[in-house]
Amino acid sequence: MTETETNMTRPVLEARGIVRRFGGITAVDGVDVTVGQGEIVGLIGPNGSGKSTMVNLLTGELAPDKGTIRFAGKDITGVAPYRRARLGIARSFQMLRMFTSMSVEDNMLTATHIHMKRGLLSSLLNLPSARAEEDEVRARARDLLAMFELEQFAGRPVTALSIGQQRMVELARGVLSGPKLFLLDEPAAGLAPPNVDRLIALIKRMRDEFGISILLIEHDMRVVRELCDRVVVLDSGELIAEGHPETVVNDPAVIEAYIGKGWSRRAQA
Ligand SMILES: Nc1ncnc2c1ncn2[C@@H]1O[C@H](COP(=O)(O)OP(=O)(O)OP(=O)(O)O)[C@@H](O)[C@H]1O
Ligand SMILES: [Mg+2]
């Protein structure tokens, strides 16, 4: 096989046998998750089943007790979060994390500092090379804000926007960082139904136009059904089902897991 063929067939993300305990709780218990190139994989399960913990393990914010994580062909199990970001892993948060004192545009630009070729010194000295790079990044930020229908808010404080709009800024910021893999932790949470439709369309564009592979945690089953090529289901930290969204949501073990835990109100909505 040539190198290109290998890259096409090899998943962008391969997490194997991941275990993470918190005191007496095993939040993630021997889970395998793979995401293929250009794939949108759903990570679902009742509240407290280990979904966000899994994302934190993939970004490096948490270290696993057991297991290995390979990304773009490299073992990244012990690699620091900022280096994983540089390698091309972006994420969004279940609870929004914005730089609340900054404008929408400046929040966007925080994503690109991980990649800036010119160091802080050349920026401080205001060298032409640093200015040219910054101008280019600002132009790309404006283009993405337009794609997310946020361009009129570029100069506004990010806190002046609704939660739904701030979620869109978070997604645009992630795309601006140029990731290979985007980990989305409940992007539809708190969005009104018309905005959920927009979100679905935007996530499709992230994959189709930007080639970003996606791992999507979501309680809104409409989002899962419309977007995901494949779904992985966790229950009490264990992987209990995997497959096509329609098959998985009709799997008795999955229904039992949700009913046993009290089907989340958000999942019913
Ligand atoms: N930092 C932590 N310290 C201790 N326990 C934690 C920590 N993070 C998560 N847990 C526990 O691990 C389990 C899994 O939590 P996690 O947040 O991963 O679930 P989740 O599937 O994302 O749930 P939700 O759908 O409610 O967001 C829960 O029992 C939770 O209380
Ligand atoms: Mg969570």
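Counting convention: from 1, in listed order, for ligands and their atoms alike.
- Within the 4.5 Å cutoff, the side chain of Glu61 has heavy atoms near those of the Arg91 side chain.
- We find that Arg16 and Glu14 are joined by a salt bridge, their nearest charged nitrogen and carboxylate oxygen being less than 4.0 Å apart.
- A salt bridge is absent between Glu39 and Arg207: the closest approach of a Lys/Arg side-chain nitrogen to an acidic carboxylate oxygen does not fall below 4.0 angstrom.
- Of all the listed residues (Lys51, His219, Arg20, Glu186), Lys51 holds the heavy atom that lies closest to atom 20 (P) of ligand 1.
- Both tests do not hold together for Arg156 against Phe153: distance to the six-membered ring centre under 6.0 Å, angle to the ring axis within 45°.
- The environment of Lys66 atom NZ is sparse: at most 12 non-hydrogen atoms of other residues, nucleotides or ligands sit within 6.0 angstrom.
- Listed by number with element, the atoms of ligand 1 under 4.0 Å from a non-hydrogen atom of Thr53 are 9 (C), 14 (C), 15 (O), 16 (P), 18 (O).
- Vertex the Mg ion (ligand 2), arms ending at OG of Ser52 and OE1 of Gln94: the angle is 80° after rounding to 10 degrees.
- Listed by number with element, the atoms of ligand 1 under 4.0 angstrom from any heavy atom of Gln94 are 24 (P), 27 (O).
- Taking a cutoff of 4.0 Å between a charged side-chain nitrogen and a carboxylate oxygen, Glu151 and Arg142 do not qualify as a salt bridge.
- Close N/O approach between Gly50 and ligand 1 is found [any backbone or side-chain N/O within under 3.5 Å].
- On a distance-only criterion, Gly48 and ligand 1 share at least one N/O pair closer than 3.5 Å.
- The closest approach between any non-hydrogen atom of Met54 and ligand 1 is not below 4.0 Å.
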